[in-house]
Amino acid sequence: MQTSIIGYPRIGNLRELKFASEMYFRGEINASDLEKAAKDIRSYNLSLQKNSGLDFIPSNDFSFYDGVLDTAFLLNAVPERYTSLGLSKLDTCFAAARGYQGEKGDVKALAMKKWFNTNYHYMVPEVDDSTEIKLAGTKPFELFSEALERGVKTKPVIIGAYTFLKLARYKGSKKAADFAEQTAAAYSELLKKFNALGAEWVQFDEPSLVMDMNAEDIQLFAALYENILKNKGTVKVLAQTYFGDVRDCYNELCGLDFDGIGLDFTEGKKSLELVQKNGFPQGKTLFAGVVNGKNIWRNNYASTLSTLSELAKHTGNIVISTSCSLLHVPCTLANETKLDNKYKKHFAYAEEKLTELAELKKITSAENYAETEEYRRNAELHSEPRTTGNETVRKKVAALTEKDFVRLPEFAERERIQKERFKLPLLPTTTIGSFPQTAEIKSARNAHRKGELSDSDYEFFIEKKTAECIALQEKIGLDVLVHGEFERNDMVEYFGECLDGYLFTEKAWVQSYGTRCVKPPVVWGDISRAKPMTVRWSVYAQSLTDKPMKGMLTGPVTILNWSFPREDISLRESALQIALAIREEVLDLEANGISIIQVDEAALREKLPLRKSDWREDYLDWAIPAFRYVHSGVKPETQIHTHMCYSEFADIIKDIDDMDADVITFEASRSDLTILDVLKENNFRTEVGPGVYDIHSPRVPSKEEIKAAIVKMLERIPAEKLWVNPDCGLKTRGNEETVPSLKNLVNAAREVRNENC
Ligand code: GLN
Ligand code: ZN
């Protein structure tokens, strides 16, 4: 059996691409320096994959910002507001990704959305009635040729036509189907070029096929590929799916003229069953996603081999593959120098997954696989118990009953009590929690970590920054303050570090969006709170001001969703264990005089199963209760806030209300405020702060712009329920943008209060 991967991380082992891009943004290096850094990463990855013995090596999985955005450029689906700026190709791409404010104009970035059920974000392509889809770019060809020059005939990967059309946002009256013909023509053209370049395989990524599909979707998919594959020439085409199974279109998929079909046997609950029941078409190659591309645990060869041998009953053409692109795991264990080998031996990052593929290849070709050294070692690893559990925690979780998840008195009564208590003005202003993590703060944290700055000096420094931040907020005139989160590197890692049962990595960075990477901690064992985590900082911050100071916590669902989860216990069990710990912290904050506590569930929407039929049972039935348990024990006068990134929650709006927080803030500015209608239609009960400006972009919103957003919000949301805030934490921004933006925000709120309320 041969081996394949769907894609490889492109940030570089030590985030070289991030640092180079950021230097470029700051004007410290020029475009050719940035290109050079990118090329070095590609060439390193190429050698690595080649040396590992990988048979199908991807190209065009590289991107300066995002692969969907690249596809939009490839297909000429780029709004004129970016192309007309007159910037270079690279800068036009960055303008669409990050917004542009400069001598050539002032434009906002494209909308950004979570990539299926991952913490990766893609840029949403915008298509309007005048868009003409055609092959307009050259990047896939250039990258294919670049690898070819280095002696590797790669398998170029491109977002497929169906997924592209499903992900695009249609601004005019035309819909996806109206672009089917043009799109098919563009992809045919692309195949023609790859034929000419001598490519053997082309991979079209079609993750949208694992979503619920209706008859119209299936029709669109079939029509597109009937067209595209008609003149495919000699190049072989792989339809690559991932993140689930293709139960709605398996037969259509098999019936089309693809040469290879990639199925996910890790997340695809029904993938195996589909093959068993329907068989697999003769003459095609099955790319079997059996090595988990999302988690960091070592593959269990025994169970993988049993899947492969089951599949082998139905087809003789199997390529062993990962379940999805390795983009979603860190690069290499080689840089994890501090982690003890007793842990590391259970881990496999991208590079180690290449080794797993090579080992699986070797094992499957052996006369007697059980006798291979590789198999034996793997079986041994999986036979030892990994951790000893925490009985107390398990018992507590088992003892939870219905009433533990209910906060009393009910919402309206609490709202009344809290209005009495806080006496905030209408349209209260606040922020989401973090303030800019400046170079000064990052270097102090680094120095502390390296032992160059003592604990007490570090704490003193953080106190000073916190005090400055509070003074700044008072000066700006915000109503509900935050301490700024300077003590935190990251909203999940920080908590993980204070919880027993978590493990930390040093360099396990995973791309989240653009140059932003996260370093998810690992849930190793049962979780419990070792000690108070935030009380000291919140109490200190509150002591500096008479205004309410929000205590800031990350919620259990987000902590879990942004960690690498265990595979030996259920997500529900892990979430409730974390909820137990966060609840203790909430009660501690309250007991120490903190009157408003924000429990961020930034990632709540993220892991919602892709198929609607799985929503309740697989997710919401434990995720919402886990959040409720965190705050069900507080007094009525304590105000609970929550925050969610990306307001893609129209479809679970009742569940969001059911979290029973008192206030929720969320991203709205990048999604055209469409969520407001949904709130109104559903009589959303929780008070809301839809973000009035986009913090993912360095632009400074004007006061007028913010006023217009607030006025628009007031058309849908009663003034008594509306809060005014940015759409997310400010940690990725600089003070240069943050201070004027917040001043404009406060002034806008004040003016609207006077003029409209
Ligand atoms: N409180 C966090 C912050 O402000 C929330 C971050 C987030 O939503 N991603 O940084
Ligand atoms: Zn956010």
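Every number for a ligand or one of its atoms is a count from 1 in the order of the listing.
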S.K.: Less than 6.0 angstrom from the centroid, inside 45 degrees of the normal: does R98 satisfy that with respect to the ring of Y65?
M.R.: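 So R98 doesn't make the cation-pi contact.
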
S.K.: Once you measure the plane-to-plane angle for Y619 and W622, does it fall in the parallel (<30°), tilted (30-60°) or perpendicular (>60°) bin?
M.R.: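 Rings of Y619 and W622: perpendicular, as their planes differ by over 60°.
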
S.K.: Determine how many protein N/O/S atoms sit closer than 2.8 Å to the Zn ion (ligand 2), leaving waters out since they are not shown.
M.R.: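 The number of such protein atoms is 3.
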
S.K.: Against Q437, only a single residue in K465, K442, R445 fulfils side-chain hydrogen bond (donor to acceptor under 3.5 Å, both in side chains); can you say which?
M.R.: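 Among K465, K442, R445, the one that satisfies the side-chain hydrogen bond (donor to acceptor under 3.5 Å, both in side chains) with Q437 is R445.
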
S.K.: Check the angle between the aromatic planes of F243 and F116 and answer parallel, tilted or perpendicular using the 30° and 60° thresholds.
M.R.: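 The rings of F243 and F116 sit tilted, inter-plane angle from 30° to 60°.
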
S.K.: Give the residues near ligand 1 by chain and number, with the criterion being a heavy-atom distance under 4.0 Å.
M.R.: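 Those residues closer than 4.0 Å to ligand 1 by some heavy atom are I432, G433, S434, E485, M491, D600, A602, H643, C645, C728, G729, K731.
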
S.K.: List the atom of P532, the atom of E585, and the distance in Å for their closest heavy-atom pair.
M.R.: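 For P532 versus E585, the nearest heavy atoms are CA-OE1, 3.4 Å.
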
S.K.: Using a distance-only test with no angle check, is there a side-chain donor-acceptor pair under 3.5 angstrom linking N489 and K519?
M.R.: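 Absent: no donor and acceptor within the cut-off.
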
S.K.: Specify whether Y24 and F94 have parallel, tilted or perpendicular ring planes, treating 30° as the upper limit for parallel and 60° as the lower limit for perpendicular.
M.R.: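 Tilted.
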
S.K.: OG1/T431 to CG/L481 distance, rounded to the nearest 0.5 angstrom?
M.R.: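 That separation rounds to 8.0 Å.
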
S.K.: For the NZ atom of K607 and the NZ atom of K114, what is their distance to the nearest 0.5 Å?
M.R.: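 Between atom NZ of K607 and atom NZ of K114 there are 9.0 Å.
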
